[in-house]
2 protein chains.
Amino acid sequence: MNAIKVGLLGIGTVGSGTFHVLQRNQAEIRGRAGRGIEVSMVCRRDVAAARAVVGDAAVVTADPYAIINNPEIDIVVETIGGCGLARELVLAAIAQGKHVVTANKALLAVHGTEIFEAARAKGVMVAFEAAVAGGIPIIKALREGLTANRIEWIAGIINGTTNFILSEMKAKGLDFDVVLKEAQRLGYAEADPTFDIEGVDAAHKLTLMSAIAFGVPVQFDKAYVEGITQLQAADIRYAEQLGYRIKLLGHTRRRENGIELRVHPTLVPANRLIANVEGAMNAVLVQGDAVGTTLYYGKGAGAEPTASAVVADLVDITRLATADPDHRVPHLAFQPDAISNTPILPMEDVISGYYLRMRVADEAGVLSRITTILAEHDISIDGMLQRESADGEKQTDLIILTHETVEGRMNKALAQMQGLPTVLAPIVRIRKEDLA
Amino acid sequence: MNAIKVGLLGIGTVGSGTFHVLQRNQAEIRGRAGRGIEVSMVCRRDVAAARAVVGDAAVVTADPYAIINNPEIDIVVETIGGCGLARELVLAAIAQGKHVVTANKALLAVHGTEIFEAARAKGVMVAFEAAVAGGIPIIKALREGLTANRIEWIAGIINGTTNFILSEMKAKGLDFDVVLKEAQRLGYAEADPTFDIEGVDAAHKLTLMSAIAFGVPVQFDKAYVEGITQLQAADIRYAEQLGYRIKLLGHTRRRENGIELRVHPTLVPANRLIANVEGAMNAVLVQGDAVGTTLYYGKGAGAEPTASAVVADLVDITRLATADPDHRVPHLAFQPDAISNTPILPMEDVISGYYLRMRVADEAGVLSRITTILAEHDISIDGMLQRESADGEKQTDLIILTHETVEGRMNKALAQMQGLPTVLAPIVRIRKEDLA
């Protein structure tokens with residue numbers, strides 16, 4: 001059988017990685033797929049740069065439509081990124097009957113419904129293993145490996161930049177700004193790191209996993225997104241003393257009245273495996289009713305780990321390219337007629353434990369007033385820590401861990417506590433999950 | 001489309017789990033598979049016991065051939081275990097054109113070549129996700145998720161019984177025999193625990209993963225198998241002091257001249273995630289050239305975790321039951337014509353680091369003689385620990401960690417060291433892996 005022909009839209013980090021992996025491991029890949037997989041065209045505005053990567057092995061063009069409109073191309077790999085040109089080209093490729101592989105989480109988290117519907121109507125596949133957690137085959141695990149399960153929740157470290165920063169802050173006791181600069185110097189953070197450090201990238205990935213796990217449409221606009229820019233070294237230290245690590249978690253969970261979909265810094269018990277995922281590594285915990293807790297760990301970014309996922313998708317598509325579309329795994333794991341409209345819950349309705357740090361006056365009755373407010377809101381205390389302030393003033397840091405409660409209730413209690421004259425600074429609130 | 005019809009051969013732990021999961025999650029499973037999956041017949045010698053599980057939901061029979069010869073049955077699930085009757089029935093089911101799902105690692109590790117060839121000739125699938133690491137979708141990750149990669153090595157904790165025993169030995173400082181009895185009382189070890197504690201069960205699973213990773217036939221008879229029955233609490237304690245944990249690892253690795261395939265107790269650096277997998281949990285590390293290190297963690301046994309894997313296989317088969325066999329993933333990941341005859345290396349040729357514990361006379365020159373022997377065999381030392389013996393005699397425990405060397409060379413050095421008059425007891429040798 002002839003090799004299947006692939007066109008790369010974009011040949012930067014991921015595109016080059018894909019090209020190199022397909023070249024280097026072509027014998028193994030053919031041995032598995034039963035058919036060769038060959039990059040026959042690549043597109044990049046800077047044609048010379050593209051030529052430098054592929055040499056004479058593929059046709060180079062500056063015009064993406066030269067690939068999209070080429071009837072010889074079976075699969076288009078989109079590695080341009082963003083939601084503008086990438087959306088236009090992916091839809092155009094689908095319209096031309098091409099299968100699409102993409103690592104573009106932003107595109108699918110925002111425009112997934114439109115794109116998957118277009119692909120379904122045209123009978124082509126849009127594969128996106130590379131869009132979540134790089135080389136970890138987590139989309140495959142969720143869509144296929146765990147099909148027996150009613151998924152209860154997913155919690156993941158799905159952004160390497162922020163996990164690197166948090167690991168460094170903990171290891172060296174440094175503040176966010178200092179570590180961010182170091183991460184940028186080392187290439188772990190981009191010049192404009194906003195999407196990473198504000199949690200947006202993690203929320204894109206979480207949105208995709210949540211849709212697949214619970215059989216709902218992608219709804220990035222309903223996700224709660226909070227990054228790590230406000231985190232202070234003191235909180236990482238206090239958390240440690242209480243037996244916790246702080247991680248930027250993407251967390252989605254089935255509740256009776258809807259689905260939680262949220263990215264924010266989270267205290268996790270230090271003895272959990274996921275709490276010990278350090279540096280730029282990613283890990284995803286999945287809880288299913290039959291399987292219990294499973295964890296998937298690996299590199300979440302980089303040329304070759306991402307290419308590993310892109311090529312796995314190419315092999316899957318190669319196997320099924322000539323098959324009846326009914327034999328394929330549905331884009332969002334569930335058949336289109338089984339997608340539900342279970343709502344994404346507003347943050348007020350989310351259930352979580354909490355870490356509260358308060359700067360309070362060091363005088364009689366302070367603790368009593370605070371615990372009274374919590375009790376009045378039916379919030380029970382899980383642990384407490386009091387630390388003298390370093391500056392010798394009559395102030396002290398009071399840290400309270402609470403059991404699970406509804407966020408709206410916690411917000412009301414927080415407002416009352418903040419209004420106490422003995423609470424001397426804005427209260428720091430970080431959510432806490434047991435993940436058991 | 002009509003529901004696909006499943007017959008269960010055996011309805012013990014795994015069979016019951018499969019039945020219950022299919023019943024409880026039928027809506028979710030149909031939503032994913034696009035077709036219902038229904039247990040319509042079950043077979044057990046004790047018909048009343050089978051009836052107690054399935055009620056009126058399925059036909060109960062004591063005759064496995066009533067299922068195998070029933071043209072209405074599409075898929076046979078074999079949960080009988082062992083290599084006798086199970087082999088006969090699986091081959092008979094294949095001959096009748098049934099797809100087969102099995103959790104039987106012994107059967108496939110020993111008779112896989114015969115069974116997969118029969119299935120290929122008949123155009124049916126034999127799926128076995130449940131045979132390795134219970135509910136963890138590790139077969140899917142290896143066969144499909146990591147297809148881009150040249151796999152370099154796999155190391156796994158793939159037997160829950162032994163990991164539970166080792167965790168307890170470490171936590172409580174107890175010896176093997178004591179903890180085994182406790183494990184039996186709690187149901188973590190069987191009345192006859194031989195297959196688990198001697199490493200045989202782990203070697204069956206490792207054999208399957210090795211074949212899939214490296215594209216070689218299953219060759220259980222070539223595996224090196226060493227269990228945990230000789231492990232002493234002292235070695236667990238010394239390892240801890242040196243920064244290591246002892247785990248029963250299944251380890252398969254590509255070398256220039258062949259493939260290592262071995263199960264034995266192994267020192268692993270304590271800061272590796274896999275070193276922190278406790279109790280009856282399983283975890284598998286996979287190193288691929290593109291993806292780097294990935295880890296998969298979850299429950300390795302139990303009714304519902306195993307059923308999770310069985311049902312995932314049922315969904316995969318349901319999707320592809322009516323498809324051209326070319327669209328299916330090959331049983332051992334590689335197409336039959338791409339299977340290689342790379343040899344499994346004899347243990348003498350394996351490369352490993354070592355932990356050596358020697359009871360030596362507490363006198364001048366002892367250490368010098370031992371280190372001279374190691375140097376003469378070109379074995380370099382990675383760490384050392386010396387401990388006074390508790391009994392006040394003029395003896396001491398000397399622990400040496402070595403860098404990697406060839407096992408045959410270590411055996412020669414060991415024989416010489418054992419012959420020294422100042423070495424007072426048999427030397428304890430445990431292998432050590434960095435897993436980086």
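As the structure is a prediction and not an experimental result, all values here were calculated from the model. Proteins get letters first, then strands, A, B, ... in listed order; numbering begins at 1 in each.
Heavy-atom pairs under 4.5 Å with chain A were tallied for B/Gly17, B/Gly31, B/Gly134; the largest tally goes to B/Gly31. Among the candidates A/Pro137, A/Pro336, A/Ala148, A/Gly215, the residue making the largest number of heavy-atom pairs closer than 4.5 Å to chain B is A/Ala148. Counting heavy-atom pairs closer than 4.5 Å to chain B, the top-ranked of the candidates A/Arg328, A/Arg150, A/Glu304, A/Arg319 is A/Arg319. Most heavy-atom pairs under 4.5 Å with chain A: of the set B/Val315, B/Asp289, B/Val21, B/Thr294, this distinction falls to B/Asp289. Between chain A and the options B/Gly298, B/Gly135, B/Pro305, heavy-atom pairs under 4.5 Å are most frequent for B/Pro305. Annotation: maximal heavy-atom pairing with chain B below 4.5 Å, among A/Arg24, A/Lys140, A/Glu129, occurs at A/Lys140. Ranked by non-hydrogen atom pairs under 4.5 Å with chain A, the options B/Lys299, B/His327, B/His20 are led by B/His327. The residue among B/Val329, B/Asp337, B/Asp313 with the most heavy atom pairs within less than 4.5 Å of chain A is B/Val329. Heavy-atom pairs under 4.5 Å with chain B peak, among A/Leu295, A/Leu22, A/Leu285, at A/Leu295. Most heavy-atom pairs under 4.5 Å with chain A, from the set B/Ala283, B/Ala290, B/Pro330: that is B/Ala290.
The contact between B/Ala338 and chain A is made entirely by side chain atoms (from C-beta outward), counting heavy-atom distances below 4.5 Å. Looking at B/Arg35, neither its backbone nor its side chain comes within 4.5 Å of chain A, counting heavy atoms on both sides. Heavy atoms closer than 4.5 Å to chain A are found nowhere in B/Asn282, neither backbone nor side chain. For chain A, the nearby part of B/Ala33 is the backbone; its heavy atoms alone come within less than 4.5 Å. In this structure, chain B has heavy atoms under 4.5 Å from both the backbone and the side chain of A/Glu144. With a 4.5 angstrom heavy-atom cutoff, B/Glu28 touches chain A via backbone and side-chain atoms both. For A/Asn276, the parts lying near chain B are the backbone and the side chain together; criterion is any non-hydrogen pair under 4.5 Å. Using a 4.5 Å cut-off between heavy atoms, B/Val286 makes no contact with chain A at all. Neither the backbone nor the side chain of B/Asp324 comes within contact range of chain A; no heavy atom of the residue lies under 4.5 Å from a heavy atom of that chain. Looking at B/Thr322, both its backbone and its side chain come within 4.5 Å of chain A, counting heavy atoms on both sides. Looking at B/Asp316, only its side chain comes within 4.5 Å of chain A, counting heavy atoms on both sides.
Side chains of B/Leu435 and B/Trp153 form a contact here, defined as non-hydrogen atoms less than 4.5 Å apart. Side-chain contact between B/Asn341 and B/Val216 is absent, with no heavy-atom pair separated by less than 4.5 Å. With a 4.5 Å cut-off on side-chain heavy atoms, B/Tyr297 and A/Leu273 count as touching. Between B/Leu314 and B/His99 the shortest side-chain heavy-atom distance does not fall below 4.5 Å. When side chains are defined from C-beta on, A/Glu240 counts as touching A/Arg245, because their heavy atoms get closer than 4.5 Å. Taking the side chain as every heavy atom from C-beta outward, A/Leu142 and A/Ile154 approach each other to under 4.5 Å. B/Lys247 has its side chain out of reach of B/Ile274: every pair of non-hydrogen atoms, C-beta onward, lies at least 4.5 Å apart.
Applying side chain to side chain contact (heavy atoms under 4.5 Å, CB included) to B/Thr306 and the options B/Val14, B/Thr79, B/Val311 leaves one that passes, B/Val14.
In this structure, B/Phe116 and B/Phe128 have tilted ring planes: the angle between them lies in the 30° to 60° band.
Proximity of a side-chain donor or acceptor of B/Asn163 to a complementary backbone N or O of B/Ile157 within less than 3.5 Å is not detected.
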Report task. Kindly determine whether A/Glu152 and A/Arg253 satisfy salt bridge (charged side-chain N to carboxylate O under 4.0 Å, His left out), including the steps that lead there. Result -> CA-CA 6 Å; A/Glu152 304 292 353; A/Arg253 184 181 287 257; over 6 Å; no
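In the displayed structure, A/Tyr188 atom OH is contacted under 6.0 Å by at most 12 heavy atoms of other residues, nucleotides or ligands.
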